Structures are given as structure tokens and as C-alpha cells.
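Values reported hereafter were calculated over all heavy atoms of this structure, with side chains retained and with hydrogens, waters and symmetry mates removed. Numbering of residues begins at 1 and proceeds along the displayed sequence. Predicted, not measured: the structure shown is a model, and the values here were computed from it.
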Amino acid sequence: MATAAAEPVTPLNTRVGWIGTGVMGRSMCGHLIKAGYTLTIFTRTQSKAQPLLDLGAHWAHTPAAVASLSDVVFSIVGYPSDVRQVHLHPSSGALAGLRPGGVLVDMTTSEPSLAVEIHSAASAKSCSAIDAPVSGGDRGARNAALSIFAGGEENTVRRLTPIFSLLGKVNFMGGPGKGQLAKLANQITIASTMVGLVEGLIYAHKAGLELSLYLDAISTGAAGSKSLDLYGNRILKRDFEASFFVNHFVKDLGICLKECQNMGLALPGLALAQQLYLSLKAHGEGDLGVQALILALERLNNVSLDSATSSAEKV
């Protein structure tokens, strides 16, 4: 990989590894392949990576094997335990296969303390590590419009900006772990925004408003939001397919609450949202998308927006 500050990272001098090709990772990998980067990938289920292999990506059987063929290794997996496994496992983890000077970039929403631990382990091997979780959902991943929260050495983040720019907009947040802390603040904001969105829909439905007209009306006012843009009409269409899983959001909110406890913070909106999302898991709805929060509010109020589906489909 290019090491001189003046030499930009390009497909000609930088080999990229990627671990995790789920809802988000698949689209993100596609952008890098189309930009000409040599990509080596690993995911737990190889068949899920087949579309990327068809585009020219190479397969490796372990994260360490990915790293041995890469200058920069990205990961976007499910849980902090997965992050630890794919990066720090002593024999199969990416760090075990990474050459000195290589970079680990974890884009999973994970624990800030783990990001610091990975950074320390990488530094001990003369490597670098960046925590760079993302926000924007499947649409942001498809459209290369993600918001990327980066923590670590600023010069390393700047050096990787040509790659980050293929995925979205990178925002340098500070030292190791600061990317994760910024993403957790982002999730706290989204949690209460989602509660407001679905409560507004429940109220509008009970008041007899046509919900498609209601969403269109508020979208350009002060109540407009990315969450409304991403999920409003999906809710009306009863489209609960996951661009971001309830299970993963519950994980994120749990990390947020843990960090709040460490900081001595009381955030009641966050706690309420986490309880509502936990209720979805209790009903076996953890693999639905976060927009399925409407189901929890429907159950609380013994109402259903199902009747609004036909109106939404006419929009």
C-alpha cells in the first residue's frame, strides 16, 4: 500500500480485503470492485458472496487468509464478538495474517473499548486500525451515500479517503474508539426518531388521516428526517424486510446503554426505544427491519395500519 503522504491510495497500489458481505457489505464491495480494486473476501456463508465472486472478487477461507493478500482489510459483521473473532483470533483473525504497514478498518457498530483494543493490538504489530462504523442503511450502501464515522490516526484516515469516498462521506471523529462513540450517538438519535415516526403514524391513523398524504406533508417540514425518507412508505406497505435488522439495533442500543452507565448518563428516550425494540425480539421479529417498530405500537394500541397499505401503493 502507498505509504508516502503524497502518494494517493489507488487500485494500482492497494489491495483490499473485505470480511462480511451481508445487506450492507455486498453493495459496498460492489463499489470497490467497479472502481478497479483487487478485492479478496471472506464471509461465513460463501454462497452469499457469489455475486461478488462473479464480479471478479477472490475468495479466501479465513480472515487471516484475506489479510495475507491485502494491504487494507475492511470488516462489517454483526456483533462485537464477531468483530473480535475476525480481527483478533490468534490463528485465523485478520491481524494474524496482516503484514506490517497494513490497516484494519472495522465498519461494524461495536464497542468503543474493543476498537481501542484492536488499535493497540495492531500498533504492536506495526499495523494500523481504524474504527469506521457507517449510517445510511441499505439505500446508502447501494448509492454510495453512507455517513462514515472514523476513529484512529487522522493521517491513516486521510490516506484511505479515496476508498472511503467510494462508499460515502468520511468524517474524522478523533482517536481510536471515537468513530464508535459517534456512531452510538447517531443510534441514540435514530432510536427516538423512529419512536416519533411510528407514534405519529399511529396518531394520524386513529385521527382518520390518509397516511400517504400525511407522510408527504410532513416530509418537507420540521418533522422530515432520513428515517422518514427510508422507512415511511415501507411501513405503509407493510414492507418489513431488513435493511438494518431489529436484532442488530437492539445490540447497538444495548451498547449505548452500557456506555451511558459508564458515563453516569440517564437517557430515558434511549431506554424506552430499547424496550420497544426488545419487545419485537420477544415476538420473534428480530430478523425484521427497524421499521417493524410500528408492530410494537400497533400491539400497544390494539390498532393496525394494514388498511393504509392500498393508499401507500397508489403513491
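Heavy atoms of other residues, nucleotides or ligands lying less than 6.0 angstrom from CZ of Arg158 number 12 at most. For Glu241, the CD atom counts as loosely surrounded, since its 6.0 Å shell holds 12 or fewer non-hydrogen atoms of other residues, nucleotides or ligands.
Taking both residues in full, the closest heavy atoms of Cys260 and Leu270 are given as SG-CD2, 3.9 Å, listed atom of the first, atom of the second, then distance. When all heavy atoms of Cys29 and Ile41 are compared, the closest pair comes out as SG-CG2, 4.4 Å.
When atom types are taken as modelled, the side chain of Gln180 and the backbone of Glu111 share no donor-acceptor pair closer than 3.5 angstrom. Of the possible donor and acceptor atoms, none in the side chain of Asn301 sits under 3.5 Å from a partner among the backbone N and O of Glu298. Arg15 places no side-chain N or O within donor-acceptor distance of the main-chain N or O of Thr38, the cut-off being under 3.5 Å. Between the Thr161 side chain and the Val157 main chain, a donor and an acceptor come within less than 3.5 Å of each other. Between the side chain of Thr43 and the backbone N or O of Gln46 there is no donor-acceptor pair closer than 3.5 Å.
Taking CD from Gln291 and CZ from Phe244, the interatomic distance works out to 11.5 Å, rounded to the nearest 0.5 Å. Expressed to the nearest 0.5 Å, how far NZ of Lys34 lies from CG of Leu166 amounts to 12.0 Å.
Under the rule for a salt bridge (charged side-chain N to carboxylate O under 4.0 Å, His left out), Glu153 has no partner lying at least two apart in sequence or in another chain. Scored by the side chain to side chain donor-acceptor pair (under 3.5 Å) test, Arg44 finds no partners at all (sequence neighbours excluded). For His58, there are no side chain to side chain donor-acceptor pair (under 3.5 Å) partners at least two apart in sequence or on another chain. Among residues two or more places apart in sequence or in another chain, the salt bridge (charged side-chain N to carboxylate O under 4.0 Å, His left out) test is passed with Arg99 by none. With sequence neighbours excluded, the residues satisfying salt bridge (charged side-chain N to carboxylate O under 4.0 Å, His left out) with Arg142 are Asp138. In terms of the ring pair (Phe, Tyr, Trp, His ring centres under 6.0 Å) criterion, Tyr203 has no residue partners (sequence neighbours excluded). Looking at residues two or more places apart in sequence or on another chain, you find a side chain to side chain donor-acceptor pair (under 3.5 Å) between Ser135 and Asn186.
A side chain to side chain donor-acceptor pair (under 3.5 Å) check over residues 214-230, counting only residues at least two apart or in different chains, returns nothing. Within the structure, the salt bridge (Lys or Arg N to Asp or Glu O under 4.0 Å) test picks out no pair touching residues 165-186 (sequence neighbours left out). For residues 115-137, every residue pair satisfying the salt bridge (Lys or Arg N to Asp or Glu O under 4.0 Å) rule, not counting sequence neighbours, is listed here: Arg84-Glu117. Counting only residues at least two apart or in different chains, salt bridge (Lys or Arg N to Asp or Glu O under 4.0 Å) contacts with residues 85-95 are absent.
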Before giving the answer on side-chain contact (heavy atoms from CB on, under 4.5 Å), spell out for Val66 and Val86 the whole-Å C-alpha distance, their side-chain angles and the decisive distance to 0.1 Å.
CA-CA 10 Å; Val66 169; Val86 301; over 6 Å; no
Chi angles and distances behind the side-chain contact (heavy atoms from CB on, under 4.5 Å) call for Phe164, Val105:
CA-CA 10 Å; Phe164 285 131; Val105 181; 4.0 Å; yes
Decide side-chain contact (heavy atoms from CB on, under 4.5 Å) for Phe245 and Val290; before the verdict, give the C-alpha distance in whole Å, the side-chain angles of both, and the deciding distance to 0.1 Å.
CA-CA 6 Å; Phe245 290 104; Val290 291; over 6 Å; no
Working for side-chain contact (heavy atoms from CB on, under 4.5 Å), residues Tyr231 and Ile294:
CA-CA 11 Å; Tyr231 301 122; Ile294 192 68; over 6 Å; no
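Between Phe74 and Trp18, the ring planes lie parallel to each other; the angle is under 30°, not in the 30° to 60° tilted range.
With a 4.5 Å cut-off on side-chain heavy atoms, Leu293 and Ile235 do not count as touching.
Grouping the Ile, Leu, Val, Met, Phe, Trp and Tyr side chains by contacts below 4.5 angstrom, directly or via other members, places Leu211 with Leu230. Both Leu278 and Ile188 are part of a single hydrophobic cluster, where members link through side-chain heavy atoms under 4.5 Å apart.
Grouped with Leu69 in a hydrophobic cluster is no other residue, since no side-chain heavy-atom contact under 4.5 Å to another Ile, Leu, Val, Met, Phe, Trp or Tyr is found.
For the residue pair Ser75 and Asp106, a side-chain donor N or O sits within less than 3.5 Å of a side-chain acceptor on the partner.
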